[in-house]
Each structure stands twice: as structure tokens, then as C-alpha cells.
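Just below is one structure, and these are the notes that go with it.
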Amino acid sequence: METMVALAPVVFLVWSMTKQRPLASHVALPLTALLVALLQAFYFQAQLMTLLANAIAATLSVLTPISIVAGAILLNRVLVISGAEQTLRLWLESISQNKVAQLMIIGWAFAFMLEGASGFGTPAAIAAPILVGLGFSAMPVALLTLVMNSVPVSFGAVGTPAWFGFAALDLSEAQLLETSQWTALIHLVASVVIPVLALRFLVSWQAIRHNLVFILISALSCTIPYYLLAQVNYEFPSLIGGAIGLCGSIVVAKYRIGLRKEISEGQSNTAKLPKIAIFKALSPFILLIAILLVTRIQQWPFKVWLNDTSPWLSLGDFAVSQALILSWSSILDTHVVWSYKTLYVPALIPFVLTVLILIPILALSKRHLCQAASDTWGRIKLPILALIGALMMVNFMMQGEQQAPIFIIANTLASLMGANWSYVAALLGALGSFFSGSATVSNLTFGGIQYSIAEQTQQPVSLVLALQSVGASMGNMICLNNIIAVCTILGIKNQEGAMIKRTIVPMLAYALIAALMGQLILHLLI
């Protein structure tokens, strides 16, 4: 009975956003959060003060995703208003007019590298508008970027889901590295299939067959270095693999290796673009990646500075650190806390900083900046409500420790599967990403459960945790936060439910690959 009650909000949310006349996310999500709150209060006997504290924390926590989305939109609007996006589009067309090549270079390889540098939904936020600028329809582009941005996520943001996501488990260096190795192997196999499924949103099966050699070269040029690096490191597989893959994809596309020649190819004069114009159009991304690298590489001091928690100002339970980290401990005298890393969350740095540096480079006027800011606010107004609802729902679902609805669902799954747990371990990771909007949070939330189940069923801990990591990554395809973010950036309204219906198919294909690979690895180990 507890499991049915715990699942009720999930069923309601899916139904309300996928029915014939679906509710908009800014309506469905707050309603679902209200339903969870009522169930917590009247069925699970939750403490009302803790519920209220979680509501406050969720409302404040929306600052993190919405500031990232706002930063990405601001940069995108600046590129459009200044004409840089048009120049970039023409340059990309000069590399190859083949649509498959353009989608793989931007939607796969470029996004792969961005995920390795930053995470936080940045890849879709940047890659999707470029693809729309190339003439692709917004809705299919959103679906493609959501599906593509799955393989690199396990080692995104310089490996944060790995080294931070499993931090609470006190794994040895050898265990963490072995977990990363199995994770990368499963992703490597999936990378042969996932880009093809993503491309299907925008091109025909015939186009995919005609360009299949290029698709495989582009996909594997990212994931082979990614896999090899994961044998010795869990911070840089996505970043370095993506950089190698991006360069490789551009070179292979330039020489049309594995690509079918387009009828219109050779008729464009886009190659005549001045090199200085191309450099200016690329400068926002060069700056963006450079700033992300400088501020996120563990061995450099900047990451430590931006995460400095040394107190600067304190007002009771509210504090501001020297790195401008805002924090509220013991909200309403409960264990609930909130914090916002003003300088580390990828909003002011790198997006706003990049825009400021671009003012002289792109000759931006005050009118340009005002227009970009106005456009940005217009796009984020309603998504703020949707994100508050999503975060409240997550907080309420996780309240109650071992009696939290989310843990009840997870434990029921474990008891049903027993020794066959490896078949569905990835789905639990995906569930965590669906609720929390983060592979890192999914690993933090369910890593302990996965570890415990692995010991109970006498399965290799590193393999079960690898399946958790893979699942958390593939969950990005159906993650509400990511869907809302990319819809906001592309100006898509009230289509979240329809998008989940479409992206859940490749996610289930990914889950099947993970299950089969898990069994294969299990047999090899035993």
C-alpha cells in the first residue's frame, strides 16, 4: 500500500502532462508538489515544519537552474542580435551542408565537450540554439539535444557525478576507478546506438543509412578516447573525449568521409567569409570553454577560490562567504539547508562574464544589451513557476529518510528483483535524475541504496554503481528540469509532456543496453 501511495504523485504527473489535453508544466508541477505535500502530511505523518522548510528551500533552490538558463539565453540573444549566430551558421554550412554532419558536430561532439567542462544543462542550452539557427525546427532539436546529452554525463562537469556523487560511500580510489571503467564501457557500447536514435528526430532512416559511416566515426571519435581515459582518470573523459571528437568530426566532415554528397553541395559561397568574422563568431564559445576550464580544473586554484566557504557576513542562520556563497542553515530550525554558489554556478561565470568581454569584440551597444536582457526575462517568467514546482516535488518526495516516498519506491524495486537487480539498477538511477534534475544528485541519493543492494545480492559493487551512474546519465533524457530549460531557451511552450513521450523511447533503449551489458560484465566477473 505504501508503494502505491508513494507512486501516486508520479502517476498523476505523467498522466497530467501526457493526456490528450495536457497541463502546462507551470501548472502540473506545482499541483503534483501539492499532492505530495498532502500525502506527506496526512498519510506519512511528516513534520509540518520540515515540509514548510523544504518548500522554502525548493523556492530558493530555483535560483540555481534559472540563473543558468537565464545566462545561456542572454548569451544566445547577444549572438543573435549582434549577427554572430548568422556568421557561425554560414561557417558551419561551409564545413558541410550535410544535415547529418551538422547535427553530429554541434549536437553530439560540441555538446559532449561542453558537458565535460560544465554540465548543469549547459550543452543543450548552447548547442540547441545554434542548431535552430542552422534552420532545424525547435521541437526536434530539443529532443535531439536531450537524447544526445546522455553519454557524457557520467563524467560531466569535470567528473562531478563520479567523485562527488559517490563521495558519501567512502569508496577507495581503486573502487571508484573500477566503477568509472565499467561506466565508460557501457556508455561506449551505447554510443553506437544513441546518436542514431537522436538523429531520427530530425532526419529520415534513409539519410541515416547513407551517412552511417560518418555517424559512427563521429560518435566513436568522442567515446573511444573517453573510454581509454576512464581507465586511469574519472575527471576528464568527457572533456578530453569531446574535444578530440569535435576536432575529428570537423576534419572528417570537411573531407566528406562517410558522408553522402548533398545535391546542393558545392553551390555555396559561405567559404568566402573573412577569417576575422569567423573568429569573432567563435569567440563566445572559445571564451566560454576557456573560462569553464580555468574555473573547474581541480589542480588549479580558481576552483578553490570560487568555492571558498570562509565566512564574510553572518546574520543568524543566513551567511555569505568570501566567495559570495549564500547559505541558510537550519531553515525554520530544521535540518533543511540551502546554498547558492554565486560565482561557481555557471551563470555569472561564465555566461554574464562572457557577455561583458564580448561588448568590444562584437561591438555591442547599450540598446543591444537591454534588448537581450528583456528577451531573457520574457522567456524565463513562466518556467520559474514550473521549476519551483519541480524542486518542491523533489524535496517532498525525499523527506522522511528511510520512509521517504522515493526510498519506498526504490526498496520495493529491490525486493522484487533480488539477484536480478542488475537488470533494473540503471532504471533506479534514471528515476533519480527524473526527480532531481541532476545525475550527481541521483548518485548521491541512490548510491547508498545501490551499494546496499549489491552487498545483499552479492553482486560486484563497482558494477552496480556503474549501472547507477549510467542510469543517472540516461535519465537526463526525461529529466523535467532539462526539458523545461531547453524549452525555455528555444521558446517552446506547453510541450513538456509530449517531449517525455518521445524521449522515453531512446531512454528505454539505453536501459536495455545497460541491462544486457550489466549481465555480460557480471558473467565475465563471475
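Values below: every heavy atom of this structure, side chains too, minus hydrogens, waters and symmetry copies.
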To check you understand the geometry: which heavy-atom pair defines the closest contact between [X] and [Y], and what is its length?
X	Y	value
I186	A514	CG2-CA, 4.0 Å
A439	S433	CA-OG, 3.8 Å
S473	S150	CB-O, 3.2 Å
G447	L465	O-CD2, 3.8 Å
S61	L391	C-CD1, 3.7 Å

Between [X] and [Y] (side chain of the first, backbone of the second, donor and acceptor by atom type, cut-off under 3.5 Å), is there such a pair?
X	Y	result
N395	N54	yes
Q459	E455	no
Q175	S172	yes
N211	A207	yes

Minimum side-chain heavy-atom gap I240-P225 below 4.5 Å
no
L39 side chain reached by P9 side chain, heavy atoms, under 4.5 Å
yes
Answer with yes or no whether the side chains of [Y] and [X] bring together a donor and an acceptor at under 3.5 Å.
X	Y	result
S442	Q468	yes
T3	T412	yes
T334	T50	no
S191	T223	yes
S422	Q519	yes

About how many Å separate [atom2] of [Y] and [atom1] of [X], when rounded to the nearest 0.5 Å?
X	Y	atom1	atom2	result
L114	L239	CG	CG	9.5 Å
M139	L144	CE	CG	13.0 Å
W421	S415	CH2	OG	9.0 Å
L23	L29	CG	CG	10.0 Å
L131	L490	CG	CG	9.0 Å
W15	T32	CH2	OG1	10.5 Å

Tell me whether the guanidinium CZ or amine NZ of K303 lies under 6.0 angstrom from the six-membered ring centre of Y344 and within 45° of its axis.
no
Less than 6.0 Å separating the ring centroids of Y226 and F112?
yes
Using the side-chain contact (heavy atoms from CB on, under 4.5 Å) rule, take L34 and L38 through it: C-alpha gap first, then chi angles, then the decisive distance, then the call.
CA-CA 6 Å; L34 177 61; L38 292 173; 4.3 Å; yes
Pair N98, Q102 - check side-chain contact (heavy atoms from CB on, under 4.5 Å), show working.
CA-CA 6 Å; N98 186 294; Q102 293 172 350; over 6 Å; no
Any residue meeting ring pair (Phe, Tyr, Trp, His ring centres under 6.0 Å) with F446, in chain and number order, not counting sequence neighbours:
none
Which residue, V147, I194, L427, forms the side-chain contact (heavy atoms from CB on, under 4.5 Å) with M507?
L427
Residue R200 excluded, over 12 heavy atoms near CZ under 6.0 Å:
yes
Atom CZ of residue position F44 - does it have more than 12 heavy atoms of other residues, nucleotides or ligands inside 6.0 Å?
yes
What verdict does the side-chain contact (heavy atoms from CB on, under 4.5 Å) test give for I215 and M104, after you've listed the backbone C-alpha separation in whole Å, the side-chain angles of each residue and the deciding distance to 0.1 Å?
CA-CA 7 Å; I215 294 168; M104 288 300 296; 4.3 Å; yes
Return the set of residues passing side chain to side chain contact (heavy atoms under 4.5 Å, CB included) with T295 (not counting sequence neighbours), or none when no residue passes.
I291, L306, I349
With L177, which residues qualify under side chain to side chain contact (heavy atoms under 4.5 Å, CB included), at least two apart?
Q181, Y234
Can you label the angle between the Y340 ring and the W338 ring as parallel, tilted or perpendicular, going by 30° and 60°?
parallel
Show, in sequence, the C-alpha distance, side-chain angles and deciding distance for W108 and V151, and conclude whether the side-chain contact (heavy atoms from CB on, under 4.5 Å) test is met.
CA-CA 10 Å; W108 170 258; V151 174; 3.9 Å; yes
